[in-house]
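Since this is a predicted model, take the numbers as computed values, not measurements.
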Amino acid sequence: MALDELIYKRICESTELTKFLARYNDQPAVFFQKAPDDTAAGWKKRCQYPRIDYAVDLQSNPERKTSGTLTLTIWSLENSDTLPEDLEPIVKKLLCGVFLKPNDAPPYSLSWARSDAFNEEHGDNIVIGIVLTFDVYGFPNQITSDPDPVLAINAYIKKLEPNAAIIGSDDFEETLVPNAQNPAFYLRLESIQTQRETNTVAWMDAVLAGHIFAEDDATKWLKILVDTLALDGE
């Protein structure tokens with residue numbers, strides 16, 4: 001699946017969210033880029049709201065390989081029983097802190113950036129909505145060849161916490177949802193340079209950047225990692 005398809009699947013598999021949405025061709029009213037016209041025959045009972053549409057814009061980033069934005073719009077009617085602000089926290093919970101793995105591509109993760117409310121007049125109805133903007137981050141494999149500082153720290157973390165997912169090292173299919181008991185770690189090489197050389201050996205200084213995903217317990221896992229590294233003299 002492509003990234004936009006994984007986002008669609010993630011949204012539509014949530015009965016907590018889809019039970020509030022209109023139906024189009026007996027499917028939840030969730031659309032990539034643009035919803036069908038209001039007069040399209042697929043709308044059940046001619047009801048088009050609440051509904052969701054979204055678009056993904058990926059850009060090249062030399063440091064992270066790929067990054068970009070996801071723009072997701074929640075639409076409803078002013079007099080509806082379900083308002084956009086009712087659905088916004090459900091959408092954010094579904095998409096934030098989750099890794100999505102498209103075919104033949106690195107994993108991606110979404111981070112909420114902002115929400116903007118709007119209203120529009122559509123004939124006799126007033127349509128209201130919220131536009132949610134998410135940052136899209138790519139997590140490419142940073143392992144090169146041994147000796148490799150990323151390979152070394154990945155192996156160290158996996159030994160320290162076997163239940164942890166090491167992004168770029170451990171494989172997973174489509175979706176990974178880290179939590180406090182099963183965190184996810186991602187390490188990347190920030191910089192590397194020669195510290196000193198002799199006629200037989202070269203000493204290298206490497207700076208690693210680490211990312212920890214564990215719901216609200218990321219700080220706890222950071223302290224565990226730092227303290228254990230210090231105690232082990234690593």
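Hydrophobic cluster membership of V201, counting Ile, Leu, Val, Met, Phe, Trp and Tyr whose side-chain heavy atoms lie under 4.5 Å apart directly or via other members: W203. Clustering of Ile, Leu, Val, Met, Phe, Trp and Tyr side chains at separations under 4.5 Å places I128 together with L83, I126. The hydrophobic cluster containing W43 also includes Y24, F31, under a criterion of side-chain heavy atoms closer than 4.5 Å among ILVMFWY residues, counted directly or through chains of members. Grouped by direct or indirect side-chain proximity (heavy atoms under 4.5 Å, Ile/Leu/Val/Met/Phe/Trp/Tyr only), F118 sits with Y49, W75, L77, V127, V131.
Not counting sequence neighbours, the partners of F213 by the ring pair (Phe, Tyr, Trp, His ring centres under 6.0 Å) test are F99, F139. Taking A152 as the reference, nothing meets the side-chain contact (heavy atoms from CB on, under 4.5 Å) condition, with sequence neighbours excluded. A search for side-chain contact (heavy atoms from CB on, under 4.5 Å) contacts involving K158 returns I166, D170, not counting sequence neighbours. Annotation: side-chain contact (heavy atoms from CB on, under 4.5 Å) contacts of N182 (sequence neighbours excluded): N163, N179. Every residue two or more places apart in sequence or in another chain that forms a side-chain contact (heavy atoms from CB on, under 4.5 Å) with M204 is listed here: I192, T194.
Shown here is E173, whose CD atom has no more than 12 heavy atoms of other residues, nucleotides or ligands within 6.0 Å. Around the CG atom of D227, the shell of radius 6.0 Å holds more than 12 heavy atoms that belong to other residues, nucleotides or ligands. For E120, the CD atom is densely surrounded, since the number of other residues' heavy atoms within 6.0 Å is greater than 12.
Among residues at least two apart or in separate chains, side chain to side chain donor-acceptor pair (under 3.5 Å) pairs with a member in residues 2-22 are K9-E174. Identified under the salt bridge (Lys or Arg N to Asp or Glu O under 4.0 Å) test for residues 24-38, with sequence neighbours left out: D38-R51.
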Show me the side-chain donor-acceptor pairs of residues 88-97 shorter than 3.5 Å, one per line, residues at least two apart or across chains.
{"residue": "E88", "atom": "OE2", "partner": "S115", "partner atom": "OG", "Å": "2.6"}

